[in-house]
A.B. asks: 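Below: one structure in structure tokens.
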Amino acid sequence: MVQQFAILQNQMSAIMAMLQRAPAPSLSTEDQPVEALNKRQRNSITIEEYSSHLDYVQGSNSSSRLRHVIASGFGSNLFVQTSLLNFYKKCEEVALGRKVFDEITEKNVVAWSAMIGGYSRVGMVNEAFRLFRDMQRAKVEEPYGMTMVSVISACTVSGALDLGKWLHAYIDKKAIKNDVEVSTALVNKYAKCGCIEKAKEIFEAMPVKDTKAWSSMIVEFAIHGHAEEALETFSRMEEAKIEPNNVTLIGVLLACAHGGLASEGRKYWSCMLESGIEPSIEHYGCMVDLLCRANLIEEAYGFVESMPIDPNPAIWRTLLVSCKKNKMLDKGEIVAERLLKLEPLNAENYMLQVRIG
DNA sequence: TTAGGGTTAG
């Protein structure tokens, strides 16, 4: 009997995991009933009602399974509840996640971490910190590295450097396992809060560095205008035989752009194509920025025209500002026309156009 | 069984 119960629990958790892998429900269009409610009304909606809403939004597949989970009576099981909480978190429906969290009678460290992570994910940093304090008061088990990563991320979002320093000291004091994820979160937090040297110190002390850790350091060096250090870090990454990915290359191209290194940027672009990394709109954006900063406007324009994917408004704006800076009014008009056609309701674009004229 | 880190451009 106990074994059967455990099997059923596993099945429920597996269903929740499956639901989490399903695409997040879109709640943004006007004709969807829950979105039409105000925030207070939405917070008071029941899970069953939300389940019906999912049915409306997504068709019957995932929602009927969700309803089945809830109706089965397993909704009060800790693992099922935590999975459901995580499901809402991934849908960025934190109010509904909180509702589930509050219903958990014996919250363990995983449930607390999941809820803190949910707040952190949507930028509700005060709530994330408040819950972390509540967690400490509730005297659950000591927080693990995973918990700390969520709280550190909240610091990164809010730029709360002092609190971040306190968390760093807390991790050391409590001897929380400082694994690659925790260290990367700290590197990112210090850099985003303006302390690039401290970020570098933590990065260098990491015994194991994976692709995300290397990418984070490269991107942060680039953002801080340390182009040489970013490219040197990329070389070290290659020497360490860690495979770069699309984010790594964004950092490399950004470093070249900020450092005025147009020819190096072209070289890395070619290397990226040869290595099989598919350039995304972000990579194209970096290249346009790179060429524009080097005042190579014609080349940038030709590059945009030859893109196999549609340029986004930000790319056209980058070009437009550069046309203005270089007094290329004819070209600026063509670019402005393309931008306004693409994004006619953004007032900022009209301001840029007035300045051109 | 359930929780975590990196993503550009005026």
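Every chain is numbered from 1, with letters handed out A, B, ... down the list of sequences. As the structure is a computational prediction, the values presented were derived from the model and not from experiment.
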A.B. asks: Closest approach to the side chain of Lys89(A), judged atom by atom: which nucleotide of dG5(B), dT8(B), dG4(B) is it?
C.D. replies: dG4(B)

A.B. asks: Near DNA chain B, under 4.0 Å by heavy atom, which residues of residues 182-191 of chain A?
C.D. replies: Val182(A), Thr184(A), Asn188(A)

A.B. asks: Please list every donor-acceptor pair under 3.5 Å in which a side-chain atom of residues 212-226 of chain A meets a protein atom from a residue at least two apart or in another chain.
C.D. replies:
unit_1: Trp214(A); atom_1: NE1; unit_2: Lys209(A); atom_2: O; d: 3.4
unit_1: Ser215(A); atom_1: OG; unit_2: Thr211(A); atom_2: O; d: 2.7
unit_1: Ser215(A); atom_1: OG; unit_2: Thr248(A); atom_2: OG1; d: 2.8
unit_1: Glu220(A); atom_1: OE2; unit_2: Lys192(A); atom_2: NZ; d: 2.4
unit_1: His224(A); atom_1: ND1; unit_2: Glu220(A); atom_2: O; d: 2.9
unit_1: His224(A); atom_1: NE2; unit_2: Ala191(A); atom_2: O; d: 3.3
unit_1: His226(A); atom_1: ND1; unit_2: Glu229(A); atom_2: OE1; d: 3.2

A.B. asks: By nearest atom, which of the nucleotides dA9(B), dG4(B), dA3(B) is closest to the Leu254(A) side chain?
C.D. replies: dA9(B)

A.B. asks: Base, sugar-phosphate alone, or nothing: which one does Ser215(A) contact when heavy atoms must sit under 4.0 Å apart?
C.D. replies: base

A.B. asks: Taking only the side-chain heavy atoms of Glu181(A) (C-beta and beyond), determine which of dT2(B), dA9(B), dG5(B) contains the nearest atom.
C.D. replies: dG5(B)

A.B. asks: For the pair made of CZ in Phe132(A) and P in dG4(B), what is the distance, rounded to whole Å?
C.D. replies: 16 Å

A.B. asks: Any pair with a residue in residues 262-281 of chain A that passes ring pair (Phe, Tyr, Trp, His ring centres under 6.0 Å), sequence neighbours left out, goes on the list, sorted by first then second residue, please.
C.D. replies: Phe234(A)-Tyr268(A), Trp269(A)-Tyr284(A), Trp269(A)-Phe303(A)

A.B. asks: Is there a donor N/O on one and an acceptor N/O on the other, under 3.5 Å, for the side chain of Asp210(A) and the base of dG5(B)?
C.D. replies: yes

A.B. asks: Between P on dA9(B) and CG on Leu319(A), what's the gap in Å once rounded to a whole number?
C.D. replies: 16 Å

A.B. asks: Under 4.0 Å between any heavy atoms, over every strand shown, what does Val288(A) touch: base, sugar-phosphate, or nothing? Just pick one.
C.D. replies: nothing

A.B. asks: For dA3(B), take OP1 and OP2 only and decide whether either is under 4.0 Å from a side-chain N or O of Arg121(A).
C.D. replies: no

A.B. asks: Give every donor-acceptor pair under 3.5 Å between a side-chain atom in residues 310-318 of chain A and any protein atom, sequence neighbours left out.
C.D. replies:
unit_1: Asn312(A); atom_1: OD1; unit_2: Ala314(A); atom_2: N; d: 3.4
unit_1: Asn312(A); atom_1: OD1; unit_2: Ile315(A); atom_2: N; d: 3.0
unit_1: Arg317(A); atom_1: NH1; unit_2: Glu343(A); atom_2: OE1; d: 2.8
unit_1: Arg317(A); atom_1: NH1; unit_2: Asn349(A); atom_2: OD1; d: 3.0
unit_1: Thr318(A); atom_1: OG1; unit_2: Ala314(A); atom_2: O; d: 2.8

A.B. asks: It should be established whether Asn86(A) places a side-chain nitrogen or oxygen under 4.0 Å from OP1 or OP2 of nucleotide dT2(B).
C.D. replies: no

A.B. asks: Among dA9(B), dA3(B), dT2(B), which is the nearest nucleotide to the side chain of Arg293(A)?
C.D. replies: dA9(B)

A.B. asks: Would you call Glu93(A)-Arg98(A) a salt bridge at under 4.0 Å N-O?
C.D. replies: no

A.B. asks: May I ask you to say what Lys192(A) touches in the nucleic acid, namely base, sugar-phosphate or nothing, with a heavy-atom cut-off under 4.0 Å?
C.D. replies: sugar-phosphate

A.B. asks: Inspect the contact between Glu201(A) and Lys198(A) and indicate whether a charged nitrogen and a carboxylate oxygen are less than 4.0 angstrom apart.
C.D. replies: yes

A.B. asks: Met148(A) has an atom CE; how far is it from atom P of dA3(B), in whole Å?
C.D. replies: 19 Å

A.B. asks: Do any pairs count as a side-chain hydrogen bond (donor to acceptor under 3.5 Å, both in side chains) and have a residue in residues 177-186 of chain A, sequence neighbours left out, and if so which ones?
C.D. replies: Asn178(A)-Ser183(A)

A.B. asks: In whole angstrom, give the distance that lies between atom CD1 of Ile152(A) and atom C1' of dA3(B).
C.D. replies: 14 Å

A.B. asks: May I ask you to decide if Ile104(A)'s main-chain N or O and Lys107(A)'s side chain share a donor-acceptor pair within less than 3.5 Å?
C.D. replies: yes

A.B. asks: Contact class for Ser322(A) (heavy atom, under 4.0 Å): base, sugar-phosphate, or nothing?
C.D. replies: nothing

A.B. asks: Reckon Tyr284(A) touches a base, only the sugar-phosphate, or nothing at all at heavy-atom distances under 4.0 Å?
C.D. replies: nothing

A.B. asks: Figure out the OH/P separation between Tyr144(A) and dG5(B), and round it to whole Å.
C.D. replies: 18 Å

A.B. asks: With sugar-phosphate meaning primed atoms plus P, OP1 and OP2, does Ile250(A) contact a base, only sugar-phosphate, or nothing at under 4.0 Å between heavy atoms?
C.D. replies: base

A.B. asks: Rounded off to whole Å, could you give me the CG-to-C1' distance for the Asn312(A) and dT8(B) pair?
C.D. replies: 10 Å

A.B. asks: Under the 3.5 Å rule, do the base of dG4(B) and the side chain of Asp179(A) count as making a donor-acceptor pair?
C.D. replies: yes

A.B. asks: What's the closest nucleotide to the side chain of Val149(A) if the choices are dT2(B), dG4(B), dT7(B)?
C.D. replies: dG4(B)

A.B. asks: Taking atom C1' of dT2(B) as reference, at what distance in whole Å does atom CE of Met115(A) sit?
C.D. replies: 14 Å

A.B. asks: Taking only side-chain N and O atoms of Lys209(A), does any of them lie within less than 4.0 angstrom of OP1 or OP2 on dG5(B)?
C.D. replies: no

A.B. asks: Write down the distance between CG (Leu167(A)) and C1' (dG5(B)), rounded to a whole number of angstrom.
C.D. replies: 15 Å

A.B. asks: Is there a donor-acceptor pair closer than 3.5 Å between any side-chain N or O of His283(A) and the backbone N or O of Leu249(A)?
C.D. replies: no

A.B. asks: Between the base of dA3(B) and the side chain of Ser113(A), is there any donor-acceptor pair under 3.5 Å?
C.D. replies: yes

A.B. asks: Mind jotting down which residue pairs meet the salt bridge (charged side-chain N to carboxylate O under 4.0 Å, His left out) criterion with at least one end in residues 118-133 of chain A? Sequence neighbours excluded, please.
C.D. replies: Glu92(A)-Arg121(A)

